[in-house]
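Bear in mind the structure is a predicted one, so any value in this text is a computation, not a measurement.
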Amino acid sequence: YAQVPDGRFFLPYSDIEKTMIDLMAYHQPISEQFLRTVKPRLDHAQLARYLRSYPPGFRNKAIRLL
């Protein structure tokens, strides 16, 4: 997550790791094709840091998927 300046405002942008966690947390469908595209781009260290704040069951599910 970062805030990017846009004129006089800062706009929030989510990184790909946080977006993937959000998709899972809100039970959104994730296609195999999308996963194949996204997986190579994931920063697994960042993903692990984000997942620390989630319950162990969710963490394990995310790690298995990603």
Side-chain angles (χ1 to χ4, degrees):
Y1 172 76
Q3 291 199 0
V4 178
D6 183 25
R8 298 183 335 216
F9 302 98
F10 283 87
L11 303 175
Y13 284 90
S14 179
D15 58 24
I16 196 163
E17 295 80 15
K18 182 64 175 136
T19 299
M20 290 303 297
I21 291 171
D22 288 346
L23 287 172
M24 292 181 65
Y26 293 107
H27 306 287
Q28 297 301 304
I30 303 171
S31 72
E32 287 297 321
Q33 181 180 357
F34 181 72
L35 278 176
R36 283 192 304 272
T37 304
V38 169
K39 276 185 178 183
R41 298 174 51 198
L42 288 174
D43 177 345
H44 288 278
Q46 182 67 33
L47 182 65
R49 282 190 292 275
Y50 286 149
L51 287 172
R52 286 183 198 148
S53 64
Y54 289 85
F58 181 85
R59 263 193 314 249
N60 293 335
K61 180 179 175 184
I63 289 168
R64 281 193 309 272
L65 181 66
L66 305 172

Is there a donor-acceptor pair closer than 3.5 Å between any side-chain N or O of Glu17 and the backbone N or O of Asp15?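 Not a single qualifying donor-acceptor pair exists.
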What about Leu47 and Phe34, same hydrophobic cluster or not, with Ile/Leu/Val/Met/Phe/Trp/Tyr joined at side-chain heavy-atom distances under 4.5 Å?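 As far as the 4.5 Å side-chain criterion goes, Phe34 and Leu47 are connected within one cluster.
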If Ile, Leu, Val, Met, Phe, Trp and Tyr residues are connected whenever their side-chain heavy atoms lie under 4.5 Å apart, and connections chain through other members, are Leu51 and Ile30 in the same group?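 Yes.
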Donor-acceptor contacts, no H, no angles, side chain residues 59-66, under 3.5 Å, sequence neighbours left out:
from, atom 1, to, atom 2, distance (Å)
Arg59, NH1, Arg52, O, 3.2
Arg59, NH1, Tyr54, O, 3.0
Asn60, ND2, Pro56, O, 3.2

Are more than 12 heavy atoms from other residues, nucleotides or ligands located less than 6.0 Å from atom CD of Gln33?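 Atom CD in Gln33 is not crowded, with 12 or fewer foreign heavy atoms closer than 6.0 Å.
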Between OH of Tyr50 and CG of Asp43, what distance do you get to the nearest 0.5 Å?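 Taking OH in Tyr50 and CG in Asp43, the distance rounds to 9.0 Å.
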Closest non-hydrogen atom pair, Ile21 against Phe58: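 For Ile21 versus Phe58, the nearest heavy atoms are O-CZ, 3.7 Å.
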Where Pro40 and Leu35 come nearest, the two heavy atoms and their spacing: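 Closest heavy-atom pair between Pro40 and Leu35: CD-O, 4.4 Å.
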